[in-house]
Amino acid sequence: MPKISAFIFDLDGVITDTAEYHYRAWKRLADEEGLPFSREDNEALRGVSRRESLLRLLKGKVLPEPQMEAYMARKNEYYRAFLAQITPADLLEGVAEFLAEARAHGLKIGLGSASKNARDVLSALGITDQFDAIGDGYSVSRTKPAPDLFVWVAGRLNVPPAECVVFEDAEAGIAAARECGMYTVGIGEPTRVGAANLVLPSLAGVSVSQILSKLTDSPH
Ligand code: BG6
Ligand code: MG
């Protein structure tokens, strides 16, 4: 039977709903600058880095580098104002139980987030100490859908990629995990995460043993 030794979690949209805050911060910048940007456009920004998000928001419009930097800094300022409101009550339903159960199973636990704010979000949620390794927007230079971040986290956990399961809400994240041979659990809409080995609406009521048996039974 294939072995699973570690779970690696994306942060935004899997552990907590900061995806909405990212959207509102970009939307504020876009509105202030007269750039058309809808919730539908925002779908393409899910899970990708700050710079890649801005490039997608600009839809091909080219800006000088200092202006790019200024836009990214402003969006981050708006985003960080939302972070001040985050408390442990903002953990998505089922996450606390799922993390505790994974640990009780002896699995290693990693974070694989593209966000440079990931450590602050974990700390506001009160769950930093639940992770054996934390990969964030500073860990690697090639961001999702490149596999680098998940490979980096697996290395820190000292677990081969083939023994890791990645939990992701973004297409780019599922692609990144598949690229390095990890198992994938997509959280949310099948239109977004349908390429995962297993798709769940959320982690609410989900048991670790259920996930392990479903993944190891299916072709990988
Ligand atoms: C990802 C989010 O986790 O982090 C993206 O899904 C976000 O929406 C990216 O753009 C980068 O985040 P930050 O905090 O470094 O701007
Ligand atoms: Mg995400």
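Note that ligands are numbered from 1 as they come in the structure, with each ligand's atoms numbered from 1 the same way. Note that the coordinates shown come from a computational prediction; the quantities given were computed from them, not determined experimentally.
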Side-chain donor-acceptor contacts of residues 163-176 below 3.5 Å, not counting sequence neighbours, with atom names and distances?
from, atom 1, to, atom 2, distance (Å)
E163, OE1, S5, OG, 2.6
E168, OE1, A170, N, 3.2
E168, OE2, K144, NZ, 2.7
D169, OD2, R46, NH1, 2.9

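- Backbone and side-chain nitrogen or oxygen atoms of S115 are examined, and one is located within less than 3.5 angstrom of a nitrogen or oxygen of ligand 1.
- Considering both main-chain and side-chain atoms, R50 comes within under 3.5 Å of ligand 1 through a nitrogen or oxygen pair.
- Of the protein's non-hydrogen atoms, the one nearest atom 6 (O) of ligand 1 is G47 N, 3.0 Å.
- Applying salt bridge (Lys or Arg N to Asp or Glu O under 4.0 Å) to E32 and the options K27, R74, K75 leaves one that passes, R74.
- Using a 4.0 Å cut-off between charged side-chain N and carboxylate O, E52 and R142 make no salt bridge.
- Membership of an apolar cluster is not assigned to V48, as no side-chain contact below 4.5 Å to another ILVMFWY residue is traced.
- The distance criterion of under 3.5 Å between nitrogen or oxygen atoms is met by D12 with respect to ligand 1.
- Comment: D132 does not engage K108 in a salt bridge, judged by the lack of any side-chain N to carboxylate O separation of less than 4.0 angstrom.
- Of the charged side-chain nitrogens involved, none lies within less than 4.0 Å of a carboxylate oxygen, so that E33 and K61 do not count as a salt-bridged pair.
- Residue contact check for ligand 1: V48 places a non-hydrogen atom closer than 4.0 Å to it.
- Within the listing of ligand 1, atoms 10 (O) sit less than 4.0 angstrom from a heavy atom of S53.
- Residue contacts with ligand 1: K116 is placed with a nitrogen or oxygen under 3.5 Å of a nitrogen or oxygen of the ligand (distance criterion only).
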### Task
Report the C-alpha separation of S38 and D41 in whole Å, then their side-chain angles, then the decisive distance to 0.1 Å, and conclude whether the side-chain hydrogen bond (donor to acceptor under 3.5 Å, both in side chains) test is met.
CA-CA 5 Å; S38 64; D41 295 333; 3.3 Å; yes
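- The number of heavy-atom neighbours closer than 6.0 Å to CZ of R56, taken from other residues, nucleotides and ligands shown, is above 12.
- Protein N/O/S atoms found under 2.8 Å from the Mg ion (ligand 2): D10 OD2, D12 O, D169 OD1.
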Less than 3.5 Å apart, which donor and acceptor atoms pair up between the side chains of residues 185-194 and the rest of the protein, not counting sequence neighbours?
from, atom 1, to, atom 2, distance (Å)
R192, NE, E43, OE1, 3.0
R192, NH2, E43, OE1, 3.3

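- Contact between G137 and ligand 1 is absent, with no heavy atom of the residue lying under 4.0 Å from the ligand.
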### Query
How far apart are the C-alpha atoms of T184 and N197, what are their side-chain angles, what is the distance that settles it, and do they pass the side-chain hydrogen bond (donor to acceptor under 3.5 Å, both in side chains) test?
CA-CA 5 Å; T184 46; N197 297 113; 3.1 Å; yes
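- Looking at W26 next to ligand 1, no N or O pair under 3.5 Å apart turns up.
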